[in-house]
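The block underneath contains the structure these notes are about, expressed in structure tokens.
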Number of protein chains: 2
Amino acid sequence: MPRSQPSAINPGAPAEPAIAEVPATPPAATQPAAAEPRRARQRKRLPPEERRLQIVQAAVAFFAEVGLEGRTRDLSSRLGITQSLLYKYFDSKESLLDAVFEHVYLGRLSPEWPALLRDRSLPLKERIFRFYCEYTDAIFRYEWLRIFMFSGLTGEKLNARYFTHLQQFALAPLMDEIQAAAQGERRPDMEDIWNLHGSIVYLGIRKHIYQTPTPDDVRPVIERAIDRLLRDFGIETGPPMAGP
Amino acid sequence: MPRSQPSAINPGAPAEPAIAEVPATPPAATQPAAAEPRRARQRKRLPPEERRLQIVQAAVAFFAEVGLEGRTRDLSSRLGITQSLLYKYFDSKESLLDAVFEHVYLGRLSPEWPALLRDRSLPLKERIFRFYCEYTDAIFRYEWLRIFMFSGLTGEKLNARYFTHLQQFALAPLMDEIQAAAQGERRPDMEDIWNLHGSIVYLGIRKHIYQTPTPDDVRPVIERAIDRLLRDFGIETGPPMAGP
DNA sequence: GAACGAATAGATCATTTGATCACTAAAAAG
DNA sequence: CTTTTTAGTGATCAAATGATCTATTCGTTC
């Protein structure tokens, strides 16, 4: 079974990675117009730091699309560079993948979320709503969701690390606050929180993993999910707030 | 990067595929005790149909664990057969994978669910609860969830087919019935149904994809999720029913 | 016990793929 | 302009991998 071209594997994937620096020079091998003397690939010499970043960004988009087993040759040809150049910047494919994990991981969890969630000067519903708006802004990305899923399936450490942080920075405060505000006799437990979380995250999974239609604006859906949970514990939710 | 052994990729994966017919004969290459004259693999002659089924079952477990790019040599060594024998039963790895998809797909969706969900002689909550108990019994399986996720990520047709059926056999009836029973002014839409569905399915994802701890018995969690949705639309839910 | 054919052993092929290396040329320094 | 530096190239290696083929072995059936 000859491996199919990556572009064929996932036709629905977003166009090209947004790498501003590269003037999309297609690899010379692509259609050297019959008579034309195959023009050599224009060699572009970049400062190492810049090139390295460019490679990592492209690698994020690439591995998100085709999976972690994507071939280094395909990645390099997307970048318009030679495969061997990759090895000037990374010792091995594995270390490139580590850089990819690092890159998608960084900045994904805001350190301000615990404070936001615990800020009792705001209504609980508003805090949770704002948190999930920011959260989904951060993770409902093609690259992030798919790399996270790929790495989850192959048991990469990325996921365990992420869940630990998520628990600490978001889910734990979330549960504390809902517990403190709960009115009825049943107290929320962590599974109630996971239930809310899952119902929201599943929106992203539908969109970026299964590539199924989802609402353009997820905020009203998120708001309703929050309302449902809060009301279940007798907490006032107030009027709808999903404006612009 | 030499490919790591499949057993090393996913140490948390369930032990061995349940293949009753194979007397777990480890591949001869594994530890032929120093002095011992390498004993020939015990040859087992099976009727073609049986062998084919055995291969497919093992392939399901195998690809679920290591991904669809798993190597045929590893699969065959798990089965205790030669790699070339696989090609006596399947033209190519691709056709083997097709058989795998077929196998995991079959019997996953019960044709009786629409009738169950629409049976108004039962309380709505009970219908939904029974449906999701059966549904999660069917799909909260290591093999199914992972193969479904792998094939979703690579854009396999399996997923589209499955979602079409799911919509038709379960989600559409579900929405109809909840709409019919709804009391408040807001009518449920499909996103409300997806919300319930996602919150439940996410339990399986946490367990089998991310391999994170989840409750042993998911039924109480499912019941609460259903209650929340129904109450949100003013529908009576009655006392808890999550017994044995 | 003879015939059939499932299964093995294992060599082998053509590609693919991660990785290496000696050389080349673009940019910067003098 | 010349020299120096090093980013980038193209050829190539070794191992892996899907697939094929031959000769042989042995369990089943008649």
Side-chain angles (χ1 to χ4, degrees), chain A residues 1-6 9 21-23 25 27-29 32 38-55 58-59 62-63 66-98, chain B residues 1-6 9 21-23 25 27-29 32 37-55 58-59 62-63 66-77 79-98:
Chain A
M1 186 176 61
R3 283 228 221 182
S4 40
Q5 284 302 319
I9 287 182
E21 292 81 0
V22 167
T25 336
R38 188 165 64 98
R39 197 158 61 82
R41 180 209 313 279
Q42 185 180 333
R43 181 181 297 195
K44 183 87 186 194
R45 191 186 168 113
L46 294 182
E49 274 313 301
E50 208 172 309
R51 178 69 84 184
R52 194 191 148 92
L53 178 63
Q54 183 204 52
I55 291 176
F62 174 72
F63 289 119
V66 307
L68 308 183
E69 318 229 9
R71 307 188 279 300
T72 54
R73 277 174 174 79
D74 290 327
L75 168 60
S76 67
S77 90
R78 273 199 193 192
L79 274 158
I81 63 175
T82 55
Q83 182 232 9
S84 51
L85 186 58
L86 294 176
Y87 288 89
K88 285 264 158 60
Y89 291 89
F90 301 93
D91 289 341
S92 62
K93 184 180 170 184
E94 202 179 338
S95 77
L96 171 57
L97 278 174
D98 286 342
Chain B
M1 185 176 64
R3 285 228 223 183
S4 41
Q5 284 301 318
I9 287 179
E21 292 80 0
V22 168
T25 337
R38 188 166 62 99
R39 198 157 60 81
R41 178 208 313 280
Q42 184 179 335
R43 179 179 301 196
K44 185 85 184 196
R45 186 191 172 111
L46 295 180
E49 274 314 301
E50 209 171 310
R51 178 68 81 183
R52 195 190 146 92
L53 177 63
Q54 184 204 51
I55 292 176
F62 174 72
F63 290 118
V66 306
L68 307 183
E69 319 228 8
R71 310 189 275 304
T72 55
R73 279 173 172 80
D74 289 329
L75 169 60
S76 67
S77 91
L79 272 157
I81 64 175
T82 55
Q83 182 227 14
S84 49
L85 186 59
L86 294 176
Y87 289 88
K88 288 260 161 60
Y89 289 90
F90 300 94
D91 289 342
S92 63
K93 185 181 169 183
E94 202 180 338
S95 76
L96 171 58
L97 278 175
D98 286 342

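Throughout, protein chains are lettered first and strands after them, A, B, ... in sequence-line order, and every chain is numbered starting at 1. Here the structure is a predicted model, which is why all the values come from computation and not from measurement.
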- Query: In chain order, what residues pass the side-chain contact (heavy atoms from CB on, under 4.5 Å) check against B:Ser95, with sequence neighbours excluded?
  - Reply: B:Phe90, B:Asp91, B:Ser92
Rounded distance (Å) that lies between atom [atom2] of [N] and atom [atom1] of [X]:
| X | N | atom1 | atom2 | result |
| --- | --- | --- | --- | --- |
| A:Leu46 | D:dT9 | CG | C1' | 15 Å |
| A:Glu69 | D:dA16 | CD | C1' | 13 Å |
| B:Leu85 | D:dA23 | CG | P | 19 Å |
| B:Leu79 | C:dA6 | CG | C1' | 15 Å |
| A:Phe90 | D:dG8 | CZ | P | 13 Å |
| B:Arg73 | C:dA9 | CZ | P | 14 Å |
| B:Glu49 | C:dA7 | CD | P | 12 Å |
| B:Lys93 | D:dT20 | NZ | C1' | 17 Å |

- Task: Identify, between B:Pro48 and B:Gln83, the residue whose nearest nucleotide on DNA chain C lies closer to the 5' end.
- Result: B:Pro48
- Item | Check: A:Lys88 side chain, A:Pro48 main-chain N or O, donor-acceptor pair, under 3.5 Å | no
If only side-chain N and O atoms of [X] are considered, is one of them under 4.0 Å from the OP1 or OP2 phosphate oxygen of [N]?
| X | N | value |
| --- | --- | --- |
| A:Tyr87 | C:dA19 | yes |
| A:Thr82 | D:dG10 | no |
| B:Arg71 | D:dA16 | no |

Roughly how far, to the nearest 0.5 Å, is the [atom2] atom of [Y] from the [atom1] atom of [X]?
| X | Y | atom1 | atom2 | answer |
| --- | --- | --- | --- | --- |
| A:Lys93 | A:Thr72 | NZ | OG1 | 7.0 Å |
| A:Arg52 | A:Leu86 | CZ | CG | 11.5 Å |
| A:Arg71 | A:Leu75 | CZ | CG | 11.5 Å |
| B:Ile55 | B:Ile81 | CD1 | CD1 | 4.0 Å |

- Note on the structure: Note: A:Arg51 and A:Leu85 closest approach over all heavy atoms is NE-CD2, 4.1 Å
Scan nucleotides 23-25 of chain C against the protein and return all N/O pairs shorter than 3.5 Å with their distances rounded to 0.1 Å.
from	atom 1	to	atom 2	distance (Å)
C:dT24	O2	A:Arg43	NH1	3.1
C:dA25	O4'	A:Arg43	NH1	3.4

- Message: I want to confirm an ordering. Mapping A:Tyr89 and B:Ser84 to their closest nucleotides on DNA chain D, which one lands closer to the 5' end?
- Response: A:Tyr89
